[in-house]
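Each chain gets a letter, A, B and so on, in the order the sequences are listed, and its residues count up from 1.
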Amino acid sequence: MNKKKLPLDFYRREDVLAISRELLGKVLFTNLDDGRKEGPITTAGVIIETEAYRAPEDKASHAYNDRRTKRTEVMFAAGGVSYVYLCYGIHSLFNVVTGPKDTAHAVLVRAIHPIIGIEHMLKRRNQNTLKSNLTSGPGVLSNALGINTFHNSTDLTGADIWIEDHGYVISSKDIIATPRIGIAYAKEYVDLPWRFVLKNYENISKSATYTEDSMSYKPSKV
DNA sequence: CCAGGGATGGACT
DNA sequence: GTCCATCCCTGGT
């Protein structure tokens, strides 16, 4: 199989909507030690749900109107680093910073399909058996992968967090575009179809309410 | 310093 | 399907 780490020029393109679509089917890896002496453990999953955030005009973006604060500064970096922030005081949400320097575009990864290190992801989630909710949301997938706000501004071509192309071919008819979740405050940006979901997976985030015959996928055994 | 918010999750029926 | 606890951190002062 053709597997390769996505290069910086993948992330540094201008079109965050295209990048959001293209991230579907790519494989998000972490190799983190959670502070354990034993060293890092590799965990990974196929990206199956993303959302695009396109500052400066996007009112749903934390960097709306090119608002630069200590928190948002990393979004203005050149693409290929993480933006991890705390939501509801509990959940670490993992974003991929995209675009050239000073363009505050980002992609929120909302769900993955777990494929590598599932046993360890279960431990991090305090679960015993694989269910469809292991990585089915932006907060829980970070938890399963060991990502927290400490990993903000991490180089996505480094050894801790990265994304690989495993050669999965995704056609546009395999992608459902819908409005983004949890951005009711964003006025005229509320209804834009900037959320992208890969069909055939059941473990997308909970707020996804569409049902289709294609939603018959079951996670493979551990 | 501190009021208010928040790209949610999970418990429950 | 519905409901609501969550609590740290941001950002303006």
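Atoms CZ (A:Arg180) and P (B:dG6) sit 14 Å apart, rounded to a whole Å. A:Leu93 places its CG atom 14 Å from the P atom of C:dT10, with the value rounded to the nearest Å. The interatomic distance linking A:Ile183 (CD1) with B:dT8 (C1') rounds to 15 Å, in whole Å. If you take CZ of A:Arg125 and C1' of B:dT8, they are 12 Å apart, rounded to a whole angstrom. We find that CD of A:Glu51 is positioned 15 Å from P of B:dG6, with the value rounded to whole Å. To the nearest angstrom, P of B:dG6 lies 15 Å from OH of A:Tyr64. The CZ atom of A:Phe94 sits 17 Å away from the P atom of B:dT8 (whole-angstrom rounding). Between A:Asn126 atom CG and B:dG9 atom P there is a gap of 16 Å when expressed in whole angstrom units.
Distances shown here put every side-chain N or O of A:Tyr185 at or beyond 4.0 Å from the OP1 or OP2 atom of B:dG5. Under 4.0 angstrom from either OP1 or OP2 of C:dT6 there lies no side-chain N or O belonging to A:His91. Proximity of A:Thr69 to the phosphate of C:dG11: a side-chain N or O atom is located under 4.0 Å from OP1 or OP2.
Among pairs with a residue in residues 79-95 of chain A, those fulfilling side chain to side chain donor-acceptor pair (under 3.5 Å) read A:His62-A:Tyr83, at least two apart in sequence or across chains.
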**Request:** Output, in order, the C-alpha distance, side-chain angles, deciding distance and verdict of salt bridge (charged side-chain N to carboxylate O under 4.0 Å, His left out) for A:Asp174 and A:Arg21.
**Result:** CA-CA 10 Å; A:Asp174 296 324; A:Arg21 289 176 169 273; over 6 Å; no
**Request:** Could you please spell out the steps behind the side chain to side chain contact (heavy atoms under 4.5 Å, CB included) verdict for A:Phe10 and A:Asp165?
**Result:** CA-CA 11 Å; A:Phe10 175 90; A:Asp165 183 352; over 6 Å; no
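Annotation: B:dA11 and C:dC8 have their C1' atoms spaced 22 Å apart (nearest Å). For the P atoms, the distance linking B:dA7 with C:dC3 amounts to 22 Å, nearest Å. Distance check on atom C1': C:dC9 versus C:dT13 gives 16 Å, rounded to whole Å.
For the atom pair CG (A:Leu108) and CG (A:Leu23), the distance works out to 11.0 Å, reported to the nearest 0.5 Å. A distance of 10.5 Å separates OG in A:Ser142 from CG in A:Leu86, rounded to the nearest 0.5 Å.
A salt bridge does not link A:Lys123 with A:Asp34: none of the charged nitrogens is closer than 4.0 Å to a carboxylate oxygen.
Residue A:Tyr64 comes nearest to A:Glu57 through the heavy atom pair CE1-O, 3.6 Å, listed as atom of the first residue, atom of the second, then distance.
Here A:Asn95 lies in heavy-atom contact (under 4.0 Å) with a base. Among the heavy atoms of the strands lying under 4.0 Å from A:Arg67 are primed sugar atoms or P, OP1, OP2 only; no base atom is included.
The hydrophobic clustering, which links ILVMFWY residues whose side-chain heavy atoms are closer than 4.5 Å, places A:Met75 and A:Val96 apart.
Between A:Arg12 and A:Thr103, the closest side-chain pair of non-hydrogen atoms is not below 4.5 Å.
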**Request:** Give DNA chain C the dot-bracket treatment, 5' to 3': Watson-Crick (N1-N3 with N6-O4 or O6-N4) or G-U (N1-O2, O6-N3) under 3.5 Å, [ ] crossing, | other strand.
**Result:** |||||.||||||.
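The number of heavy-atom neighbours closer than 6.0 Å to OH of A:Tyr185, taken from other residues, nucleotides and ligands shown, is above 12.
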I'd like a list of close polar pairs between nucleotides 7-9 of chain C and the protein, N/O only, cut-off under 3.5 Å.
residue, atom, partner, partner atom, Å
C:dC7, O2, A:Tyr88, O, 3.4
C:dC8, O4', A:Gly89, O, 3.4

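Nearest to the side chain of A:Thr72, among B:dG9, C:dG11, B:dA7, sits C:dG11.
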